[in-house]
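Quick notes on the structure that follows.
Counting begins at 1 with the first residue of the sequence. Computed from a prediction, not measured in an experiment: that's the story for all the values here.
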Amino acid sequence: MGQTALIVVDMINTYDHDDADLLLPSVTDVVPRVTSLLQRAREKEATVIYVNDNFGEWRSHHGELLEKALAGPHAKLVEPLVPDDDSLFVLKARHSIFFETPLGYLLSQQGIDRVVLCGQVTEQCILYSALDAHIRHLEVTVPRDAVAHIHADLAEAALRMMERNMGATVCDGDDLWRD
């Protein structure tokens, strides 16, 4: 068995988009769980990769996205999740973390065959990323308490689809990286 990567999806965010009001309560709930996963992954020396939407800012890089999010009205949702110096960062433009990004190559180069997906949005980016990971023959784990949703019913259906159709392990975040 190879290595595991914790992938944090779209959590560097200004929440200046159409669904933000519906998303923010769930994000507020998952930030402590994602923070805990980051701490445990780092303690276990697992690879941590942030994959984040570039929000159409084609001249931006991850540092600029982070600065903008930290200067925004929802900075307290971003502050606990700031990447450390060992974290890797990939920008994406669409829902899947794999769509036209170098992530597949990066995972291969790092010997990673298991991805733990956390972040947002369960029924969109997490679902599509889990499918793309599955078709790349990666083992997928999704901690249900570390993924934020817009619509709870669709998120629950998405988690069931990931588990049933993609063989993903859907668990509680506390079940990961335990001795």
To the nearest 0.5 Å, atom SG of C171 lies from atom CZ of R144 at 7.0 Å
Expected output: side-chain E79 to main-chain L70 donor-acceptor under 3.5 Å:
no
Can any side-chain N or O of Q110 pair as donor or acceptor with the backbone N or O of T47 at less than 3.5 Å?
no
Can V30 be reached from V82 by stepping across I, L, V, M, F, W or Y side chains whose heavy atoms are under 4.5 Å apart?
yes
Does R160 offer a backbone N or O that forms a donor-acceptor pair with the side chain of R164 under 3.5 Å?
no
How long is the span from the CD atom in E43 to the CD atom in E45, to the nearest 0.5 Å?
10.5 Å
Surrounding CG of D84 (heavy atoms of other residues, nucleotides or ligands, distance under 6.0 Å), is the total greater than 12?
yes
Any donor-acceptor N or O pair under 3.5 Å, side chains D29, S26
no
Pair D10 + K92, salt bridge at N-O below 4.0 Å
yes
Using a 6.0 Å cut-off, check whether atom CG of D18 has over 12 heavy atoms from anything other than its own residue.
no
If you measure from CG on N13 to CG on D53, what distance do you get to the nearest 0.5 Å?
8.0 Å
Stepwise salt bridge (charged side-chain N to carboxylate O under 4.0 Å, His left out) check, D86 with R42
CA-CA 9 Å; D86 293 325; R42 289 171 176 146; over 6 Å; no
I want to check something: taking the side chain as every heavy atom from C-beta on, are L138 and F98 in contact at a cut-off of under 4.5 Å?
yes
Donor-acceptor pair, side chain of T28 and main chain of L24, under 3.5 angstrom
yes
Passing option when V78 is tested against I12, L65, T14, V27 for side-chain contact (heavy atoms from CB on, under 4.5 Å):
I12
Is the shortest heavy-atom distance from the side chain of T4 to the side chain of L176 under 4.5 Å?
no
Nearest heavy-atom neighbours spanning V147 and C118
CG1-CA, 3.8 Å
Identify whether Y105 and L91 are in the same connected component of the hydrophobic contact network (ILVMFWY, side-chain heavy atoms under 4.5 Å).
no
Where does the angle between the aromatic ring planes of Y50 and F89 fall among parallel (under 30°), tilted (30 to 60°) and perpendicular (over 60°)?
parallel
Strictly distance-based, threshold 3.5 Å: is any side-chain N or O of S129 a donor or acceptor partner for the main-chain N or O of I97?
yes
P80 to V31 - nearest heavy-atom pair and separation
CG-CG1, 3.8 Å
Where do L117 and P143 come nearest, in terms of heavy atoms and distance?
O-CD, 3.2 Å
Looking only at non-hydrogen atoms, find the nearest pair between A41 and L6 and report the distance.
CB-CD2, 3.9 Å
Is there a continuous path of hydrophobic side-chain contacts, each under 4.5 Å between heavy atoms, that joins L22 to L77?
yes
Min side-chain heavy-atom separation Q120-M11 under 4.5 Å
yes
Would you say that L107 contacts V115 through its side chain, given a criterion of any heavy-atom pair below 4.5 Å between the two side chains?
yes
Pairwise distance OG(S36) to CG(D145) - rounded to 0.5 angstrom:
9.0 Å
Roughly how far, to the nearest 0.5 Å, is the NE2 atom of H151 from the CG atom of L23?
10.0 Å
Quick one: closest heavy-atom pair of V121 and H149, and the distance?
CG1-CA, 4.2 Å
In the structure I gave you, are the side-chain heavy atoms of M162 and T122 within less than 4.5 Å of one another anywhere?
yes
Give a yes or no on whether the backbone of G173 and the side-chain of R40 come within a donor-acceptor separation of less than 3.5 Å.
yes
Would you name the heavy atoms of A133 and V140 that are closest together and state the gap between them?
CB-CG2, 3.5 Å
Checking R33 against D172 for the salt bridge (charged side-chain N to carboxylate O under 4.0 Å, His left out) test, could you report, in this order, the C-alpha distance in whole Å, the side-chain angles of both residues, the deciding distance, and whether it holds?
CA-CA 9 Å; R33 295 309 220 164; D172 291 327; over 6 Å; no
More than 12 non-hydrogen atoms from neighbouring residues, nucleotides or ligands closer than 6.0 Å to CD on Q109, yes or no?
yes
Determine whether Y128 and L154 fall in the same hydrophobic cluster, where Ile, Leu, Val, Met, Phe, Trp and Tyr are linked whenever their side-chain heavy atoms lie under 4.5 Å apart.
no
